[in-house]
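All of these numbers come straight from a predicted model, not from anything done at the bench.
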2 protein chains.
Amino acid sequence: MTDRLSRVFAALADPTRRDMVARLTERDATVGELAEPYAVSIQAVSKHLKVLEEAGLVTRSRDAQRRPVHLEAEVFDLMSRWIERYRRQAEERFQRLDAVLADLQDAHEDDTAAREGTAS
Amino acid sequence: MTDRLSRVFAALADPTRRDMVARLTERDATVGELAEPYAVSIQAVSKHLKVLEEAGLVTRSRDAQRRPVHLEAEVFDLMSRWIERYRRQAEERFQRLDAVLADLQDAHEDDTAAREGTAS
DNA sequence: GTGGTATTCAACCAGCGGGTTGACAACCCG
DNA sequence: CGGGTTGTCAACCCGCTGGTTGAATACCAC
């Protein structure tokens with residue numbers, strides 16, 4: 001599970017981390033600020049941030065003792081591309097499937113019409 | 001980690017499972033067909049499918065002994081909504097930041113202009 | 001019914017993830 | 001210097017994950 005996309009998805013598979021990301025879209029924050037709403041230790045939050053950092057979702061700088069956390073929004077593009085690619089592919093396929101079903105329906109109606117002696 | 005979105009992200013955090021999803025956008029497939037390219041046991045693939053199923057990414061029907069696997073593309077929407085929501089939020093914030101930086105730049109230029117005795 | 005095929009279930013194992021606590025590091029302020 | 005604040009590192013625990021093998025289920029074909 002060493003590839004980038006896997007790390008990103010894994011990082012966002014945790015509700016606490018998703019909430020941190022959500023809050024970081026509003027403004028940069030220190031570890032302590034981020035930790036405040038959660039009922040876990042600062043160390044646990046620090047670990048979460050490490051996961052987000054290794055996934056490329058955030059970066060950390062330094063301001064005296066503080067380590068302000070900053071969201072790197074470009075990573076969203078990576079996920080969006082993956083999702084949209086396969087969504088589009090799936091949708092195209094469903095359209096083909098719909099076409100097939102429509103054909104079958106037409107054929108059935110033709111059969112019915114034939115059996116009932118009605119002009120198609 | 002019981003919520004829907006967490007399960008979806010976690011399911012896609014595995015390259016094998018992402019590959020399965022990718023292949024399922026092309027066509028439905030049986031467990032055996034899905035397993036064929038990977039160097040793991042059928043049972044392992046069956047487990048992966050269970051994960052995808054519990055995340056709502058696929059459904060399984062029955063055709064004699066076979067259990068054809070079908071991709072449920074609607075889940076993509078769930079992820080897209082989450083991602084796009086925060087991406088948009090982050091982008092708006094960056095625009096505000098840009099505006100602030102632009103203001104600072106203007107102020108600086110004003111200062112410079114003032115120091116240099118040039119009209120602003 | 002017997003045999004073959006497709007798939008899941010069960011038990012097990014190693015490794016990782018998320019949590020804890022305690023110690024340490026880096027920095028500011030008197 | 002010493003004390004306070006912010007954050008990380010290290011060791012540990014426990015539950016989950018992804019893999020294995022072996023047995024069981026469900027179905028078809030003969």
**Student:** So, OP1 or OP2 of D/dT8: does either fall under 4.0 Å of a side-chain N or O from A/Arg60?
**Tutor:**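 So the side-chain polar atoms of A/Arg60 do come within 4.0 Å of the phosphate oxygens OP1 or OP2 of D/dT8, strictly under.
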
**Student:** Verify, without hydrogens or angle tests, whether A/Arg62 (side chain) and A/Ala64 (backbone) share a donor-acceptor contact under 3.5 angstrom.
**Tutor:**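 Yes.
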
**Student:** Kindly assign one of parallel, tilted or perpendicular to the pair B/Trp82 and A/Phe76, based on the angle between their ring planes and the thresholds 30° and 60°.
**Tutor:**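 If you compare the ring of B/Trp82 with that of A/Phe76, the planes turn out perpendicular.
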
**Student:** Go through the steps to decide whether B/Asp28 and B/Arg23 satisfy the test salt bridge (charged side-chain N to carboxylate O under 4.0 Å, His left out), and finish with yes or no.
**Tutor:** CA-CA 8 Å; B/Asp28 291 1; B/Arg23 292 169 58 208; over 6 Å; no

**Student:** Take the protein atom CG of A/Leu52 and the nucleotide atom P of D/dG7, then report the distance between them rounded to whole Å.
**Tutor:**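 Interatomic distance, CG of A/Leu52 to P of D/dG7: 15 Å.
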
**Student:** Atom CG of A/Asp63 to atom P of C/dC28: distance rounded to whole Å?
**Tutor:**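 About 9 Å, once rounded to whole Å.
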
**Student:** Under 4.0 Å, heavy atom to any atom of DNA chain D: which of residues 18-28 of chain B qualify?
**Tutor:**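 When residues 18-28 of chain B is checked for heavy atoms under 4.0 Å from DNA chain D, there are no hits whatsoever.
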
**Student:** Can you get from A/Val40 to A/Val31 by hopping between Ile, Leu, Val, Met, Phe, Trp and Tyr side chains that sit under 4.5 Å apart?
**Tutor:**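 Yes.
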
**Student:** Once you round it to whole Å, what is the distance between P of D/dC16 and CG of B/Asp14?
**Tutor:**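 About 18 Å, once rounded to whole Å.
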
**Student:** Could you give the CD-to-C1' distance, from B/Glu33 to C/dT7, as a whole number of Å?
**Tutor:**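 In whole Å, C/dT7 C1' and B/Glu33 CD are 13 Å from each other.
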
**Student:** Measure the distance from CD on B/Glu36 to C1' on C/dT5 and round it to the nearest whole Å.
**Tutor:**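 Computing the B/Glu36:CD to C/dT5:C1' distance gives 17 Å.
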
**Student:** Restricting to salt bridge (Lys or Arg N to Asp or Glu O under 4.0 Å), what partner residues turn up for B/Asp77, sequence neighbours left out?
**Tutor:**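 By the salt bridge (Lys or Arg N to Asp or Glu O under 4.0 Å) rule, B/Asp77 matches A/Arg87.
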
**Student:** Without decimals, in angstroms, what is the distance between A/Leu34 CG and D/dT8 C1'?
**Tutor:**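 About 15 Å, once rounded to whole Å.
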
**Student:** Given 3.5 Å as the limit, does a donor-acceptor pair link the side chain of B/Glu36 with the main chain of B/Glu33, or not?
**Tutor:**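 Side chain of B/Glu36 to backbone of B/Glu33: no pair is present.
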
**Student:** Using both distances under 3.5 Å as the test, list the Watson-Crick or G-U wobble partner of D/dA23, or none.
**Tutor:**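 Answer to the pairing question: C/dT8, which forms a Watson-Crick or G-U pair with D/dA23.
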
**Student:** For B/Arg66 and D/dC27, give me the distance from atom CZ to atom C1', rounded to whole Å.
**Tutor:**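 Going from B/Arg66 (CZ) to D/dC27 (C1'), I get 10 Å.
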
**Student:** Take the protein atom CZ of A/Arg67 and the nucleotide atom C1' of D/dC9, then report the distance between them rounded to whole Å.
**Tutor:**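 Interatomic distance, CZ of A/Arg67 to C1' of D/dC9: 13 Å.
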
**Student:** For B/Thr16, which contact category applies under a 4.0 Å heavy-atom criterion: base, sugar-phosphate, or nothing?
**Tutor:**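 The answer is nothing, as B/Thr16 stays clear of every strand by at least 4.0 Å.
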
**Student:** Taking the basic N atoms (NZ, or NE/NH1/NH2) and the acidic carboxylate oxygens, is any pair closer than 4.0 Å for A/Glu54 and A/Arg7?
**Tutor:**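 Salt bridge: no.
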
**Student:** List, with names and distances, any nitrogen or oxygen atoms from the protein found under 3.5 Å away from nitrogen or oxygen atoms belonging to nucleotides 20-26 of chain C.
**Tutor:**
residue: C/dT20; atom: OP2; partner: A/Ser41; partner atom: N; Å: 3.0
residue: C/dT20; atom: OP2; partner: A/Ser41; partner atom: OG; Å: 2.7
residue: C/dG22; atom: O6; partner: A/Gln43; partner atom: NE2; Å: 2.7

**Student:** Does A/Ser46 have a side-chain nitrogen or oxygen under 4.0 Å from the phosphate oxygens OP1 or OP2 of D/dG7?
**Tutor:**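 For D/dG7, OP1/OP2 do not have a side-chain N/O of A/Ser46 under 4.0 Å.
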
**Student:** Hey, does the side chain of A/Arg27 reach the backbone of B/Arg93 with a donor-acceptor pair shorter than 3.5 angstrom?
**Tutor:**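 Flag not set: sc A/Arg27 to bb B/Arg93 has no pair under 3.5 Å.
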
**Student:** Sub-3.5 Å donor-acceptor pair from the side chain of B/Asp14 to the main-chain atoms of B/Arg17, do we have one?
**Tutor:**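 A pair under 3.5 Å: yes.
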
**Student:** Has A/His48 got a side-chain N or O lying under 4.0 Å from the OP1 or OP2 atom of C/dG19?
**Tutor:**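 Yes, such a contact exists.
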
